[in-house]
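Some notes on the structure that comes next.
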Amino acid sequence: MSAKADLAIRGAVVISDGAYARDILIRDGRISALVEAGASAANREIDARGLLALPGMVDAHVHFNEPGRTDWEGWANGTRAAAAGGTTTVLDMPLNSVPPVLDGASFDVKKAAAEKASIVDFGLWGGLVDADPASLRELSERGAVGVKAFLCDSGVAEFPALHEEDLVPALRAAAGAGLVVALHCEDDALVREATARVRGEGTHDAAAWPLSRPPLVEIRAVAGACAAAREAGARIHIVHLSAMEALGAVGAARDMGTDVSVETCPHYLTFDESDLTRQGASLKCAPPIRDRRNRDGLWRALLDGKIDFVASDHSPCPPDLKASADMFAAWGGVAGAQSLLPAVFTGASARAGDALDVRKVAGFVVWRLAARPAKRFGLWPRKGAIAPGSDADVVLFDPDREWTLDAEASRTRGVDPYIGRSFRGKVVRTLVGGRTVYNERETVPNPARGRFIPRGEVAEG
Ligand SMILES: [Zn+2]
């Protein structure tokens, strides 16, 4: 028998590849065993009776903009919000930090900033702004999770978009470096045309924003990206899909053997145009939040697996950048790191209707928010699973609690559009590597020991 466990989580129903009552034993930051209730001794214990134990969520898309724009959102604050929402691993985008992460040196700068302040584990995306093989090799060698490219204006000057004619060469170079490419898919020419038309009519309110980026903008960009990936032999990941009709091209590409994954975001699944009109710039993002029919279509696609997973695309800014009455002048980005799990659990529970089985919904959420993203980016089973050998990233979750997010409980910087929303299911406690980083009942003292998780690493034993 192996040595005594450091910690035992007792009495929860474990949701990971099924649902079963087991005590979780933790040693040296990893799960050492799952045992029958009360079996085996441990130095410390957590009483989790009545709760579900989920593997920590893997949020594959956040913008913690430190260094450079820490006042927008930084590692300490952003990961506090993530932990409160049950996320234990974040994959951070190469912008809007300064410098953007475009090569080995800027990667090292971002990694050092995160290691100092992050309270959850993290991986890093690099940027793809040209087809430079040396930079891509540096990023790949350092364990970048992949590289991100924009097919339209990124919103920040230091991170240029890829021109249409440069897309295939850039994808080829990324594939050569073994990197998956995350693509922001909006067609630049169509965005410009629609924006000029809408603005020319003199409208700049919240309702004008989606009209300036209609579904066609995404449909065309996604189709082009899928065709380019096939041509280049590249693996791609479509970030923040908002227009459900764009999924047609993805299905066709998959049928032809192209390796393409798709994410959508909690704000597209939670809000619709009427919320955007009412709440204004706090819900401004690109691509935009669309109508209710589209939102219901995204849910169907998520439930039947056409959409691989949900990520927050957490991207706050200082409140004054959201204050303009001109939607075109306001910063585009939605804060959602804290509400990812609650929003998806709430929506999925509501869609189950009278047949609601909270363990089943929790299983769905774990697959779509933890296991699937971890698998896509080579982090599974170290992340995304509660199993012997996995990191002890555990969320204790009360699936029956109904609650409303208020300003005091919101930990995000900037404007949180989820304040005032009611949720079903509440994160009670979050552990990363066996250490508590969030506990709803008490403040956790300085838990900043998040570790860098390189792409492709798997747990031994
Ligand atoms: Zn983003």
Side-chain angles (χ1 to χ4, degrees), residues 58-66 68-69 72-75 78-79 81-82 87 89-98 100-102 110 122-129 144-162 180-186 188 191 209 213 217-218 221-222 225 236-243 246 261-269 271 281-289 307-317 321-322 330-340 343 369 373 376-377 412-417:
V58 176
D59 188 345
H61 188 155
V62 300
H63 297 265
F64 296 156
N65 310 312
E66 178 180 2
R69 290 190 178 95
W72 291 29
E73 185 62 291
W75 283 97
T79 57
T87 290
T89 303
V90 293
L91 306 181
D92 184 67
M93 284 294 170
L95 71 164
N96 310 305
S97 49
V98 183
V101 178
L102 299 178
K110 171 75 77 75
F122 63 94
L124 297 178
W125 289 92
L128 180 66
V129 296
V145 70
V147 283
K148 161 97 175 270
F150 277 77
L151 304 183
C152 63
D153 181 24
S154 77
V156 292
E158 68 274 7
F159 199 97
L162 274 179
V180 63
V181 180
L183 286 168
H184 179 126
C185 289
E186 290 186 291
D188 194 47
V191 167
W209 179 246
R213 305 174 98 96
V217 162
E218 263 189 286
V222 168
I236 60 169
H237 174 64
I238 312 288
V239 291
H240 52 53
L241 184 110
S242 138
S261 54
V262 180
E263 93 194 6
T264 190
C265 305
H267 39 277
Y268 301 127
L269 296 168
F271 303 102
S282 72
L283 286 172
K284 179 190 171 183
C285 54
I289 287 167
I307 293 174
D308 295 86
F309 54 82
V310 190
S312 73
D313 194 9
H314 180 77
S315 184
C317 65
L321 294 182
K322 285 282 194 192
W331 167 256
V334 171
Q338 186 173 349
S339 296
L340 170 64
L369 273 61
R376 178 58 169 161
F377 302 115
T412 188
R413 252 195 234 294
V415 187
D416 186 338

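Fair warning: this is a prediction, and the values are worked out from it, not measured in the lab. One-based numbering, in listed order, for ligands and for the atoms of each.
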Euclidean distance, Ser242 OG relative to Asp313 CG, rounded to 0.5 Å: 11.5 Å
Ring pair (Phe, Tyr, Trp, His ring centres under 6.0 Å) involving Trp209 - partner list, sequence neighbours excluded: Phe328
Candidates Arg413, Met93, Arg69, His314 - the one meeting side chain to side chain contact (heavy atoms under 4.5 Å, CB included) with Phe64: His314
Trp75 (side chain) donor-acceptor with Glu66 (main chain) under 3.5 angstrom: yes
Ring centroid separation Phe159 to His184 under 6.0 Å: no
Any donor-acceptor pair under 3.5 Å from Asp308 side chain to Val262 backbone: yes
Protein N/O/S atoms closer than 2.8 Å to the Zn ion (ligand 1): His61 NE2, His63 NE2, Asp313 OD1
